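Have a look at the structure below, then the notes.
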Amino acid sequence: MMGLNLREADIAALEARTEGWIAGLQLAALSMQGRSDTAGFIQAFTGSHRFVLDYLAGEVLERQPERVRNFLLQTAILDRLCGSLCDAVIGNHPERTAQDGGRRMLETLERDNLFVVPLDDQRQWYRYHHLFADVLQGAPDRGSTRAGIQPPSAGKHVV
């Protein structure tokens, strides 16, 4: 991998961290170049790593329509997602349309390969890719300082 001398255990750990996401593997490999403690780096590699954060925030999250971005940010608190649970978290708002419903939105995210992983054969339950979840969960803390991400207003949360 990019001239890095990694042990099998390190490769397996990196694959698990990135869940096989090729761009994540490449970002990790770039970050590891010149490091002596690659095993320590791999264990600490998360969505908050600057290369991963910049890519996912700038190239993925920022490019989503506002309704999709708000859905992602508001539901990031959930470890597992289903349509009705997402609806409960987001709540009913007059500006929401039928395509904004939790189930429809999850189907759209999966169809668009937007870092959701189905957890069952019926595609009722999902979770966010671990690195993407790290970015989403950290986004409200960063406010608009990274990639123009705006956290959803506190008044819109129903938990």
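Everything numeric here is computed off the predicted structure, so don't read it as measured data. Just the heavy atoms: all of them, side chains too, but no hydrogens, waters or symmetry mates, feed the values below.
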**Q.** side-chain contact (heavy atoms from CB on, under 4.5 Å) between Leu72 and Val68, worked out
**A.** CA-CA 6 Å; Leu72 293 168; Val68 173; 4.0 Å; yes
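The closest side-chain heavy-atom distance from Leu73 to Leu61 is below 4.5 Å. Residues Phe132 and Val60 are in side-chain contact: their nearest non-hydrogen atoms beyond the backbone lie under 4.5 Å apart.
Here the closest heavy-atom approach between residue Arg69 and residue Glu62 is recorded as NH1-O, 3.3 Å. For the pair Phe71 and Gly102, the tightest heavy-atom approach, listed with the atom from each and the gap, is CE1-CA, 4.0 Å. The heavy-atom pair separating Val116 from Leu106 by the smallest distance is CG2-O, 4.4 Å. Taking all atoms of both residues into account, the shortest heavy-atom contact from Asp79 to Arg127 is O-CB, 3.4 Å. Closest non-hydrogen pair, Leu136 versus Ala76, comes out as CB-CB, 3.5 Å.
When the side chain to side chain contact (heavy atoms under 4.5 Å, CB included) test is applied to Arg80, the partners found at least two apart in sequence or on another chain are Leu119, Trp125. Partners of Tyr128 by ring pair (Phe, Tyr, Trp, His ring centres under 6.0 Å), not counting sequence neighbours: none found.
To the nearest 0.5 angstrom, Gln64 atom CD is 11.5 Å from Asn70 atom CG. Between the CZ atom in Arg63 and the CG atom in Leu114 there is a gap of 12.5 Å [rounded to 0.5 Å]. Distance check, rounded to the nearest 0.5 Å: CZ of Arg103 to SG of Cys86 gives 11.5 Å. Atom CE of Met105 sits about 12.0 Å away from atom CG of Leu81, to the nearest 0.5 Å.
Within the structure, salt bridge (Lys or Arg N to Asp or Glu O under 4.0 Å) contacts touching residues 110-120 (residues at least two apart or in different chains) are Glu110-Arg123.
Residue Glu8 places its CD atom among 12 or fewer non-hydrogen atoms of other residues, nucleotides or ligands, all under 6.0 Å distant.
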